[in-house]
Amino acid sequence: MSQQTAPAPRAVAATADYLDQRTGVGKAVKEFARKIFPDHWSFLIGEIALYSFVILILTGIFLTLFFVPSMDQVTYTGPLAAMDGVEMSKAFESTLHLSFEVTGGLLMRQIHHWAALIFMASIVTHMMRVFFTGAFRKPREINWVVGFTLMILGLAAGFSGYSLPDDVLSGNGLRITDGVVKSIPIIGSYMSYFLFGGEFPGTQIIPRLFTVHILLVPALILALIGAHLFLVVLHKHTQFPGSGRTDRNVVGYPLFPVYVAKAGGFFFVVFGVLALMGALLTINPVWNYGPYDPSPVSAGSQPDWYMLFLDGALRLMPGFAEFTVAGFTVSLNVLIPAMIVPGLLFSGLALFPFIEAYATGDKREHHVLDRPRNAPVRTASGVSILTAFVVLILASSNDIIAPHFAMSINDLTWAFRVLLFVLPAITFWATKRIALGLQRKDRELVLHGHEAGRIIRFAHGEYVEVHQPLDDHEQWLRVQHRPERPIQLLPAEDSNGVVRKGYRKDALRSRVSSFFFEDRIEPVTPAELAQSHEHEEHPAIGAGHDEAKGLVDAGPTPGGGALGGGPNAPHDD
Amino acid sequence: MKALIARRHHRFAPVVLLALALLLTGGAYAALSPAPASAASAPTSTDIDMGQALFRANCATCHGTGAVGREGVAPSLVGVGAAAVDFQVSTGRMPLMANSAQAPAKPPVFTQDQVQQLAAYVASLGAGPSIPTAEEIDASKGNSANGMALFRTNCAMCHGAVGQGGALSGGKYAPNLGESSAKTIYEAMLTGPQSMPVFNNANITPEEKRDVIAYLAAQEQGSPGGATLGSIGPVAEGLWAWVIGIGLLIVAAVWIGAKSS
Amino acid sequence: MSNEHPGTDVSTAAEGNRLPERFADPGLPEHKARLTDTDPRAAKRAELQIVLLFGISIVGTILAIVAYAVIRPGETVESIRTSTLVLGVGLAMAMGGIGLAAVHWAKTLMNDHEKVEYRHPQASNAAERAAALQVLKDGADDSGIGRRGVLKGAVISALVLAPLGFVVPLIGGVGGDWNVSKFRHTLWTKGKRLTHDPSGKPIKASDITIGSAVHVIPEGLKDSEDWIEEKAKAVVLVIRLDPRDLTEATDRKDWSYQGIVAYSKICTHVGCPVALYEQQTHHLLCPCHQSTFDIADGAKVVFGPAKRPLPQLPITVDAEGYLVAQSDFLEPIGPSYWERLK
């Protein structure tokens, strides 16, 4: 530490020396202080989640100091006229107290709640970024699962916190939870007792949710954030493709000072935006909803946005699915939307890296991200899952949409019932087509360059537009990726006519692989470019020729791996 | 400490007073403006005759001469009372202009006097609830806490927690009460127009009705938390979180990630 | 998938044998200097802007502290709103100012030459793996677990069983008395009066006019020890229809009184209070998931996710003309559960 170029002030040097002698911190500083991170705006979305979590903890500490997690009944005597003399739980009363009588209390509550919404929104956006750029590929599959678990924990944190004020809106949310839990076959009613410590609502649920909300879930989130960030440092950050960026390096700016300023500064920006939202926009006005009472309910009863998909699924499912068997009731009308639909959506999401790895048979490490267009089936799958998610969210908002757009809520519900199945299929198809189209556009650019907007006339009278060839960097961006190709299936029988072991497994894998990579556009090769340049000298040759060249059918291709025949062909050049 | 608080209050007293005065004026205006109509409460026989003429010209096509109704077209108005007529006609819901899921509020076709004449005519056909007096709908005399409790149990499921409105089945809706006058709200409870159930004086007493009006009047002060976002709950909040929150933060992220020139 | 050209040969090897299969990476692009790198005045200007932004942050902090001291939430909505607003704007300036300043600093004044760091494969090399395996093997040998089968069994059994000492009391205690048969009964009994929710005033049948909807709780609910739990099961909606509109099952003819019917308010879907009564269609709608019940026809489901009709409370009037229950509900109210019919 003493060999710095500019002599540090004596106090700093002495402190550093003191610490290093006891912890060897110098090694860590040397290792990490100038660690390189690539620069891209989309890499900051995960930081929004991290920073909102920090803000959630800070404002949460403020709130715990005033909130009383108790369902004992008291009579309100505070300043709010509309609640004067109303009987309510201490949880609700203390929420009103901290909102109206503690200076800054309402601000902190509103920042806390906005931060919770932004926390979940940024997690989802961050997951989209990771998904669509293929950042979950080896070696980051485990970190994808850690991140996925963090999202689930975020839902748990949000749900438990939402219910704490013990107001009518969240109380009805709990009642729905109770109804969903009761529908679980065999153990449903016992699960309800497990949750509520007896009959709904009881006097246990708020203190229990409080413990879950301020201890259990945040501790797990904190631990998993640690693991998440540790793995990011261990793997070094992914980077977008570009010249000079490979799977063996990372190009960017050092942690100190650039990212200390940029990422550190971003924390303050996030805090600033959340503080502004808390200052200006009312959120969760529990004083409008009133203290929980099992009888009332208000129009527009919805959970916070991240739970809307569940509520939407519950709204869409028709009732006929409930039946009795041997005198026992099976409520598939609740189980399907509340457990099976989200189960399918979430499993698909959590397992996607493994499904894709199964389809590619690829064992390499990937550190350069995919441009979404270069993985059409992945991109289409992601858009498809998102579409289903959005349809469910809209379905849950049907009673808000109906009066605002003068529609019938029954018609809307029917429309969403149909759209839930139709729209994801359409968006899958459309996204895949668009991705393939963009890849063709890339080929077109590489082969012919940019349209210069300049028309020239040949001596023999023909007009052509001049095309400006791409520079090396532009070109590299469009040709750098390696196309995945379907895994070939070796014949069922070997040359001696003996049936090969594992043929059926291989056949399945080959089908999955074909689904992913059958339709594809491959990047331009140097040979194709050379050929194209030859053609350019004879401009009469029509367009479209090259497009056809770019397309490869599912037949055996030289680069594709093969199944059942030992290790896949290496892709390294 | 007490003195300190008192002084602070003092300093802001003019502002608060001004705000209160404005609110009171507004509230009083809303409450009192229809008063002349109900003040002229004793209908004369001329009123009834004029009302009958208006009825024949504008209402009888559907409700029939003598207001006995026509099966499958329009209900009998015998015994619905002056309150029902005043509600339907002064909010423009009647006469009906087009067939839709429910009759929407629109600018009234008749003047206040004409509405009174119509109401007098229909009231003369059979006893029914009459138009409330200014006293009965005076929000300042109501207890908003009791009003809120009643509203929560009886009204919020359709009109929303603060009367912002909500959806019913088949394209019908419970209207936003922020756009309704105290008199209209009172008459609606009393007569149960269209889809709305009847809340007669045995179910919700006149004093309780006034409490409900007081609660709704208190909503005009807005939200202590800032902009209300339409008071429609978590869906609007989610939309704002995505559009404004995530929107602003992504703009910031793009700025941070962009190379400086 | 079929509209693509089939069988087009990608191989252009005929003439391309000498060309590489892939393009070569051109390497990092040249660094472009920023205005602040080349123009000292631009750099000075940027520095001033950064100082200004930090200044905004300081002003914001002062504003927040002054707001805390001067604007306290009082009795009015206005005062709470003003306090929240000014404090929040101050905090937003204090935080946002630092953020914008730091980022602007990094973007304009800090060295912006990109640096390259090299990655290493995640996997350990063969020698390290072998050493690790050896370490584990040595440890296992030292413990002797491989040779002592009974010991292995014992240690695994003990470890698997040990958590039970923790889990059994936890699960056992967490569900209260586990008496789930409580779902079946409500406070309603023969002769119990129907009263207004929440005031508890009894209701005369003659006070309910056609088209009325009255929210009802059993008399003496608040005297019950667990009144919230009891209310969660006992809430009822009483509605009067024109008896000519009412279709009643033969075995329920005497459950209503002159067109007055009483139905459980707890939805048979997942338990929201079903309370949205449309008096013209006689439909009762649940605001949570839009299950719609036809009150004129035994509260049968006409739309939405619920399957079963709402349970009906048999009612009549007592000697004084007040509405009373004939008995408890004859089936469990609320959402379905496995042993509901047992």
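Protein chains get the first letters and strands the later ones, always in sequence-line order, with residue 1 at the start of each. None of these values were measured; they are calculated from a predicted model.
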>> Quick check on the interface: out of A:Met277, A:Met108, A:Met71, A:Arg175, who has the most heavy-atom pairs with chain C under 4.5 Å?
In response: A:Arg175
>> Need one label for C:Val301: side chain, backbone, both or neither, based on atoms under 4.5 Å from any heavy atom in chain A.
In response: neither
> Does any heavy atom of chain A fall under 4.5 Å from the side chain of C:Val235, the backbone, both, or neither of them?
Replying inline: side chain
> In terms of heavy-atom pairs under 4.5 Å with chain A, which of C:Arg308, C:Met110, C:Lys115, C:Lys107 leads?
Replying inline: C:Lys115
>> Checking salt bridge (Lys or Arg N to Asp or Glu O under 4.0 Å) between A:Glu199 and each of C:Arg184, C:Lys231, C:Lys233, which is the one that passes?
In response: C:Lys233
> Of the listed residues (C:Met93, C:His269, C:His215), which shares the most heavy-atom pairs with chain A below a 4.5 Å separation?
Replying inline: C:His269
>> Check this for me: does any side-chain nitrogen of one of C:Glu114 and A:Arg245 sit under 4.0 Å from a carboxylate oxygen of the other?
In response: yes
> Centre of A:Phe328's six-membered ring, under 6.0 Å away, within 45 degrees of the axis: is that where NZ or CZ of C:Lys342 sits?
Replying inline: yes
>> Do A:Ser189 and C:Glu339 pair up side chain to side chain, a donor and an acceptor below 3.5 Å, judged on atom types alone?
In response: yes
> Checking A:Gln302 against chain C: side chain, backbone, both or neither under 4.5 Å from a heavy atom?
Replying inline: neither
> Is there side-chain contact between C:Leu91 and A:Phe271, with at least one heavy-atom pair below 4.5 Å?
Replying inline: yes
>> Ignoring hydrogens and geometry beyond distance, is a side-chain donor-acceptor pair present between A:Ser243 and C:Asp25 at under 3.5 Å?
In response: no
>> Regarding A:Asn249 and C:Glu117, do their side chains bring together a donor and an acceptor under 3.5 Å, going by distance alone?
In response: no
>> Please find the pair of heavy atoms, one from C:Pro26 and one from A:His473, that lie closest to each other, and give the distance.
In response: CG-ND1, 3.9 Å
> Top residue by heavy-atom pair count (under 4.5 Å) with chain C, among A:Val250, A:Leu195, A:Leu107, A:Ile36?
Replying inline: A:Val250
>> Apply side-chain contact (heavy atoms from CB on, under 4.5 Å) to residues A:Asp293 and C:Ile228 and explain how you reach the verdict.
In response: CA-CA 7 Å; A:Asp293 174 331; C:Ile228 295 187; over 6 Å; no
> Of all of C:Val103, C:Thr84, C:Val174, C:Val116, which one pairs up most often with chain A through heavy atoms under 4.5 Å apart?
Replying inline: C:Val174
> Between A:Ser396 and chain C, which part of the residue has a heavy atom less than 4.5 Å away: side chain, backbone, both or neither?
Replying inline: neither
> Tell me, side chain or backbone of A:Pro257 under 4.5 Å from chain C's heavy atoms, or both, or neither?
Replying inline: both
> Checking C:Ile80 against chain A: side chain, backbone, both or neither under 4.5 Å from a heavy atom?
Replying inline: side chain
> Among A:Gly179, A:Pro318, A:Ser295, who wins on heavy-atom pairs under 4.5 Å with chain C?
Replying inline: A:Ser295
>> With a 4.5 angstrom heavy-atom cut-off, is it the side chain or the backbone of C:His104 that approaches chain A, or both, or neither?
In response: neither
> Does any heavy atom of chain A fall under 4.5 Å from the side chain of C:Ala234, the backbone, both, or neither of them?
Replying inline: neither
> With only heavy atoms counted, which part of A:Ile111 is less than 4.5 Å from chain C, the side chain, the backbone, both or neither?
Replying inline: side chain
> Looking only at side chains, do C:Ser336 and A:Glu322 share a donor and an acceptor under 3.5 Å apart?
Replying inline: yes
> So which of A:Gly272, A:Gly319, A:Gly188, A:Ala321 has the biggest tally of heavy-atom pairs under 4.5 Å with chain C?
Replying inline: A:Gly319
>> Quick check with a 6.0 Å cut-off and a 45 degree axis cone: is A:Lys182 positioned over the face of C:Phe183's six-membered ring?
In response: yes
>> Report which part of C:Phe303 has an atom under 4.5 Å of a heavy atom belonging to chain A: side chain, backbone, both, or neither.
In response: side chain
> If you tally heavy-atom pairs under 4.5 Å against chain A, which of C:Ala92, C:Gly176, C:Ser83, C:Gly96 wins?
Replying inline: C:Ala92
>> Taking side chain as everything from C-beta outward and backbone as N, CA, C, O, which of these in C:Lys182 sits under 4.5 Å from a heavy atom of chain A? Side chain, backbone, both or neither.
In response: both
> Side chain, backbone, both or neither: which part of C:Pro198 has an atom under 4.5 Å from a heavy atom of chain A?
Replying inline: neither
>> Using the side-chain contact (heavy atoms from CB on, under 4.5 Å) definition, which of the options A:Arg478, A:Gln475, A:Gln480 pairs with C:Phe23?
In response: A:Gln475
>> Does any backbone or side-chain atom of A:Gln110 lie under 4.5 Å from a heavy atom of chain C? Answer side chain, backbone, both or neither.
In response: side chain
> Non-hydrogen atoms of chain A under 4.5 Å away: do they reach the side chain of C:Ala24, the backbone, both or neither?
Replying inline: backbone
>> Given heavy-atom pairs under 4.5 angstrom as the criterion, report whether the side chain, backbone, both or neither of A:Val524 touches chain C.
In response: both
> How about A:Thr329 and C:Arg340: does a side-chain donor come under 3.5 Å of a side-chain acceptor?
Replying inline: no
>> Pairing donors with acceptors under 3.5 angstrom, does anything connect the side chains of C:His289 and A:Asp311?
In response: yes
> Measuring heavy-atom distances to chain C, does A:Pro139 have an atom under 4.5 Å in its side chain, in its backbone, in both, or in neither?
Replying inline: side chain
> So which part of C:Asp112 gets closer than 4.5 Å to some heavy atom of chain A, the side chain, the backbone, both or neither?
Replying inline: both
> For C:Trp105, is it the side chain, the backbone, both, or neither that has a heavy atom closer than 4.5 Å to a heavy atom of chain A?
Replying inline: neither
> What option among C:Leu100, C:Thr292, C:Leu87 has the most heavy-atom pairs under 4.5 Å with chain A?
Replying inline: C:Leu87
> Of the backbone (N, CA, C, O) and the side chain (C-beta and beyond), which part of C:Ala232 lies under 4.5 Å from a heavy atom of chain A, both, or neither?
Replying inline: both
>> Quick check on C:Ile266 against chain A: is it the side chain, the backbone, both or neither that has a heavy atom closer than 4.5 Å?
In response: side chain
> With chain A, which of C:Gly334, C:Ala106, C:Gly271 has the greatest number of heavy-atom pairs at distances under 4.5 Å?
Replying inline: C:Gly271
> What do the steps show when you test A:Tyr193 against C:Asp177 for side-chain contact (heavy atoms from CB on, under 4.5 Å), and what is the final call?
Replying inline: CA-CA 9 Å; A:Tyr193 266 50; C:Asp177 58 9; 3.6 Å; yes
> Any sub-3.5 Å donor-acceptor pair from C:Arg81's side-chain atoms to A:Leu280's backbone N or O?
Replying inline: no
> Tell me, side chain or backbone of A:Pro38 under 4.5 Å from chain C's heavy atoms, or both, or neither?
Replying inline: neither
